[in-house]
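Please read the structure below before turning to the comments.
Since we're looking at a predicted model, the values are computed, not measured. Just so you know, residue 1 is the first one in the sequence shown, and it goes up from there. Both backbone and side-chain heavy atoms feed into the values below; hydrogens, waters and symmetry mates do not.
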Amino acid sequence: MSKETRFREVVSYFFMLGCVAFGGPAAHVALMHRELVERKQWLTEQRFVDLWAATNLIPGPNSTEMAIHISSVRAGWRGLIGGGIAFILPAALMVTALAWGYTQFGHLPQASWLLYGVKPVVIAIVVHALFGLLRTAWRSIPLGALGLAAGALALVGINELLVLFGCGVLAGVVVSAKGHLPRISGKTSLAALPLASLGTVSPLAKPLLGLTDTLLSPIAAPFGLGQLFFTFLKIGAVLYGSGYVLLAFLHGDFVEGLGWLSEDQLLDAVAVGQLTPGPLFTTASFVGYLTGYESFGTAQGALLASALATVGIFLPSFLFVAAVNPWIPRLRDSRFFGSVLDGVVSAAIGLMGAVAIFLGQAALVDVPTIAAAGIAFVLLWRTKLNSIWLIVGGAVFGVGVQIALPYVIP
């Protein structure tokens, strides 16, 4: 297969994924695994798991960086750039369009019924991936114990990065002391699925939203495109974790520091990022458009600000992946660092279980949603149906329930 064909495949797949990838990093990576490892066989289970483990060790949006990693492996430097942009672009365009509507009409569209049907399907995708991994990833008592401990720590609210690094370092220390650690081989599968999304549902993160009730509005600093770009560049270069962590950064910089956003505007920006598919970091597109529009008063100026904000927050991810990707095979070949990766893999399975529990509480709220999740899980288990069609079906189901509800309950 030619390089040009591989490049077109990468761009086409990740653009399509970016159009329908609801559910946060756990669901995004579960979709990538099912399509690119199980169906298309673009890369092996072990390569996939090593890429994901390495992705969680660098700052930035995890599923976006995973898309960039896979694109690089599949299609080289052109793939690294093209695949990453293709995954980001749909969400960035949707968010920018919503930002335009927000500046014109002063409110966000309602899409609760769409998400009502999509969320159960997302739960089914994550749980299906989890069941497939449990039989192969925890192939020894130490690795299984490490994963169970990681899940338990996540459930009580311990920061996912502490869990991740702690388990990896522990595995490496054991190797140094004893000279061996039971290794994961064969069908290891979806290593570190949900690390970033865990924080988005952690109960300990939710009090961040309460900050908006009490903080005072600062005096606004003069707006500047350079200031906007470099502020988002800084955030993209240092931010680990979830949407709530992003909320904290945006609050500190744009509400408290620069005074360019109000509390309500910030919460609306994050809500738009959650409403649309793709990476939550496209919240930057909304913030850029809104601040640019308020400063310039024109759609053209707002679009320029939105573009600069988007490039600023995602650019570090491309640079980090380009720097790290060539080293991943060497890390796997190292006894110490290979075992660190194994520790990350084992812990991540436990974290994935915690994510499934938290997300399930929010998504499976009644008999229709439970039934939708069950049907989606059976289809995932028994067929090779493309997961993207399941998400589309979930959206149609949600809209159908909305239409039917007045006739069922007069």
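Using cut-offs of 30° and 60° for the angle between ring planes, the Phe223 and Trp260 rings count as tilted.
For Tyr102 and Phe286, the ring centers sit closer than 6.0 Å to each other.
Looking at Ser295, its side chain never comes within 3.5 Å of a backbone N or O of Thr291 through a donor-acceptor pair. Under a 3.5 Å cut-off, the side chain of Ser72 and the backbone N or O of Ile68 do not form any donor-acceptor pair. The closest donor-acceptor contact from the side chain of Ser317 to the backbone of Gly60 lies at 3.5 Å or more, if one exists at all. One N or O on the side chain of Gln265 and one on the backbone of Ser262 form a donor-acceptor pair closer than 3.5 Å. Of the possible polar contacts, none joining the Ser12 side chain to the Arg8 backbone as a donor-acceptor pair under 3.5 Å is found.
For Gln300, the side chain to side chain contact (heavy atoms under 4.5 Å, CB included) partners are Thr298, not counting sequence neighbours.
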Residue pair Asn325, Leu51: steps toward the side-chain contact (heavy atoms from CB on, under 4.5 Å) verdict: CA-CA 8 Å; Asn325 192 276; Leu51 290 175; 3.8 Å; yes

Steps toward side-chain contact (heavy atoms from CB on, under 4.5 Å) verdict (Met32, Phe48): CA-CA 10 Å; Met32 292 179 203; Phe48 186 93; 4.3 Å; yes

Audit row: Ser63, Phe87, side-chain contact (heavy atoms from CB on, under 4.5 Å) steps and yes/no: CA-CA 10 Å; Ser63 57; Phe87 182 62; 4.2 Å; yes

Chi angles and distances behind the ring-ring contact (aromatic ring centres under 6.0 Å, His included) call for Phe314, Phe232: CA-CA 8 Å; Phe314 284 106; Phe232 276 113; 9.8 Å; no

Verdict with supporting geometry, Val10 and Trp42, side-chain contact (heavy atoms from CB on, under 4.5 Å): CA-CA 10 Å; Val10 161; Trp42 283 6; 4.0 Å; yes

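Considering every non-hydrogen atom in both Gly82 and Phe7, the closest pair reads CA-CE1, 4.1 Å. Across every non-hydrogen atom of Thr383 and Arg34, the tightest pair is O-NH2, 3.0 Å. Residues Ala309 and Gly288 share a closest heavy-atom pair of CB-CA, 3.9 Å. In plain terms, the two heavy atoms of Ala91 and Gly278 that are nearest each other are CB-CA, 4.1 Å. The two residues Phe229 and Val311 come nearest to each other via the heavy atoms CE1-CG1, 4.0 Å. Of all heavy-atom pairs between Val121 and Gly394, the closest is CG2-CA, 3.8 Å.
The line from NE2 of His69 to CE of Met66 is 7.5 Å long, rounded to the nearest 0.5 Å. Note that CG of Leu31 and CG of Leu390 are 9.0 Å apart. Values are rounded to the nearest 0.5 Å. Atoms NZ and CD, on Lys40 and Glu35 in that order, are 6.5 Å from each other to the nearest 0.5 Å. Summarising the geometry, atom CG belonging to Leu228 is positioned 10.5 Å from atom CG belonging to Asp253; distances are rounded to the nearest 0.5 Å. Leu379 contributes atom CG, which lies 7.5 Å from atom CD1 of Ile375 (distance to the nearest 0.5 angstrom). In this structure, Glu294 CD and Thr103 OG1 are separated by 9.5 Å, a value rounded to the nearest 0.5 Å.
Taking a cutoff of 4.0 Å between a charged side-chain nitrogen and a carboxylate oxygen, Arg78 and Glu4 qualify as a salt bridge.
Every pair tested for salt bridge (Lys or Arg N to Asp or Glu O under 4.0 Å) that includes a residue from residues 18-32 fails, sequence neighbours excluded, so the list is empty.
Judged purely by distance below 3.5 Å, without hydrogens or angles, the side chains of Thr282 and Ser285 never pair a donor atom with an acceptor atom.
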